[in-house]
2 protein chains.
Amino acid sequence: MRDVARMAQVSTMTVSRALTDPAKVSPDVRARVAEAVRAVGYVPNKLAGSLSSSRSRIIGLVVPSIENSLFASTVQGISDVLRRHGHQLMIADSGYSMEAEEAAIRAFLEQRVAGLILHDTTHTPAAVEMIKRSGVPVVENGTLVPEPLDMVVSYSNHDAAKAMTLHLARLGYRRIGFVSLHAATNARSRDRQVGYRAALEEAGLPFDPALMLEMPPGLASGAEALLRLMDSAAPPDAIFFAGDVLAMGASLECARRGWPVPGKVAIAAFDNFDLLGHLVPPVTTLKLPRLEIGRRSAEVLLDRIQGRSSAPVSVDLRFEIIHRAST
Amino acid sequence: MRDVARMAQVSTMTVSRALTDPAKVSPDVRARVAEAVRAVGYVPNKLAGSLSSSRSRIIGLVVPSIENSLFASTVQGISDVLRRHGHQLMIADSGYSMEAEEAAIRAFLEQRVAGLILHDTTHTPAAVEMIKRSGVPVVENGTLVPEPLDMVVSYSNHDAAKAMTLHLARLGYRRIGFVSLHAATNARSRDRQVGYRAALEEAGLPFDPALMLEMPPGLASGAEALLRLMDSAAPPDAIFFAGDVLAMGASLECARRGWPVPGKVAIAAFDNFDLLGHLVPPVTTLKLPRLEIGRRSAEVLLDRIQGRSSAPVSVDLRFEIIHRAST
DNA sequence: CGGCCATGAGTTACCGATACCAGAAATACG
DNA sequence: CGTATTTCTGGTATCGGTAACTCATGGCCG
């Protein structure tokens, strides 16, 4: 920057102003600085800038898994909004572990990020402590937490699972199976289970533990869950797959075996993969606002960072049931 | 840090050493510093550290689209390796535009990243110029470029497309259709087209322009390509879908119409989505080393950054043909 | 016409770490 | 036992910007 200043015959301070707040500098000087910047090939050092102003334009994001396409649209939404506002995105992957999440959060705070977005909603005490002390604004994404760290942007996993279960009940299904990921380690699965049971109660259907399964994620896992449930003495007439690609695995397994859906068993899914609508038969599913979650998360975070708001926001985004031929 | 130094009764210099290179400090002092760090809740400022040492542990990654699950495993591979080595990942999304890529690169250089990974292999002149001047090491990923900026880690799109086309020819198919993304804007598609034609020639099959289609990405797009090719006067007996989820869309369309595969037409895919193996019938595809590309990219980049190598590496990773019932 | 304020540019002091050099203490060695 | 080395620790300058303040200029007002 010193070179630029010398070449433009001004002080470094003026160069700094010409670049960050051009309105404060006369057009003449502005032009000279711009020319010098080009001539020197000057690339500002944001590290120094952030250090000096103690303001950074970096947002840290922690997702359980980068590879999982469910999170991809949320990340895309965040990235879109941040880019429009000239901010950068740092991503870390917790591998579904709270300890790894804590490490990622620490690394982000060391980089002095301007804000954090966390997909998970349960954290280690140390992580919570660090965040509180740092005063960095945070958005949580996974589910509508009753006591958020700061801000939340999500839909209600509980309500969504309940709505779909009730939908099945209204269609006349009486033995509705429920397959989800392991609830002990996953707040989202927990919420969905509770929603499922709430719906059963509301519909006046008995809860049968034999109809509720927890599986690891994956296509094969969905197929296995299907077979296990259908092999039992009193098989379900509908199954609600509330996790990852489980429903897809199950649907494809039915196709392989030639089982009529919903003739033999109805299938409903939680996630709105495009693909579910293209299977034969197309699968009834919930449409979740994944992209919107990303966008809104970035927006509320930026609002806070730029001082346009201070209240701890909680955004409840709407889901939708897409009824298709599988139920 | 000053607080920590005071509390541990040492200079800031010693605190710095105790944290970055503990071996250089006596065990006694090391313990006092550690204790003080805990007591104060000290979080080091990497911004200041990087500025001072002109070394950062941040890697910048530019992908065409974050949402596209094809890139997700590569990102995962990068993230895994970086985390193991205590580095951070910044991601930007170019939306398949060279100008946006240039902007992302500029932003990364302003943050003084230690290295860059670019998925695309064609860049604006300004971007190339900036990178060269900065001296930051770069890995390109999209395809094996003849004249890389610096390092390349990829498989050969040309060879892969050629291998699959030859595979189809050897199976006895004579009119092999080819569907890819728009080649004018995508070096990968271009390489694949060339590979396809090279294979036809090698197999002694005529090239029929009517059998070659360019489509936008997407499930629906694949279905449409299928119908267009099959509706023609001389339909193909096999179609090789060399882009995104095109093959999946086509396969599902066949299922919907009840067309036997490969009875009516054989289908082969380029991308190794899990799902392709679970469709009915399972689809023949190429197995591409996506995760490995990410890992190796991060590894060669770190090697360079840590001075363990200096040569411009070019890593050619192997692909594999997964033969399934669809051909 | 004097005083006041808005505008544009410069000066100086940091931001919070590390590099580099130097000095003190501890250890080694002939 | 004196000197040569190593090991540990501290002082100071500096990385490349920005905040906060100062100062000169010029237009506007009563």
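Each chain gets a letter, A, B and so on, in the order its sequence line appears, and its residues count up from 1.
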Length of the [atom1]-[atom2] vector between [X] and [N], whole Å:
{"X": "B:R17", "N": "C:dA17", "atom1": "CZ", "atom2": "P", "value": "15 Å"}
{"X": "B:K24", "N": "C:dC21", "atom1": "NZ", "atom2": "C1'", "value": "14 Å"}
{"X": "A:Q111", "N": "C:dA17", "atom1": "CD", "atom2": "P", "value": "13 Å"}
{"X": "A:R30", "N": "C:dA9", "atom1": "CZ", "atom2": "C1'", "value": "14 Å"}
{"X": "B:D28", "N": "C:dA25", "atom1": "CG", "atom2": "C1'", "value": "14 Å"}
{"X": "A:D21", "N": "D:dG17", "atom1": "CG", "atom2": "P", "value": "17 Å"}
{"X": "A:E110", "N": "C:dA17", "atom1": "CD", "atom2": "P", "value": "10 Å"}

Flag side-chain contact, heavy atom, 4.5 Å: A:Q76 against A:L291:
yes

B:H123 side chain near B:I131 side chain, heavy-atom distance below 4.5 Å:
no

Pair [X] + [Y]: basic N to acidic O under 4.0 Å:
{"X": "B:E292", "Y": "B:R295", "answer": "yes"}
{"X": "B:R84", "Y": "B:D80", "answer": "no"}
{"X": "A:R188", "Y": "A:D191", "answer": "no"}
{"X": "B:R38", "Y": "B:E35", "answer": "yes"}

To the side chain of B:N45, which of C:dG16, D:dT9, C:dA9 is closest?
C:dG16

Drop me the distance from A:M151's CE to A:N141's CG, to the nearest 0.5 angstrom.
11.0 Å

Neighbours of DNA chain D within residues 47-57 of chain B, by heavy-atom distance under 4.0 Å
B:L51, B:S52

So, with a heavy-atom separation below 4.0 Å from DNA chain D, the residues of residues 1-14 of chain A are A:M1, A:M13

Tell me, with the steps shown, if B:Q111 and B:I58 meet side chain to side chain contact (heavy atoms under 4.5 Å, CB included).
CA-CA 9 Å; B:Q111 300 291 345; B:I58 301 178; 5.7 Å; no

Does a donor on one side chain and an acceptor on the other come within less than 3.5 Å for A:S94 and A:S97?
no

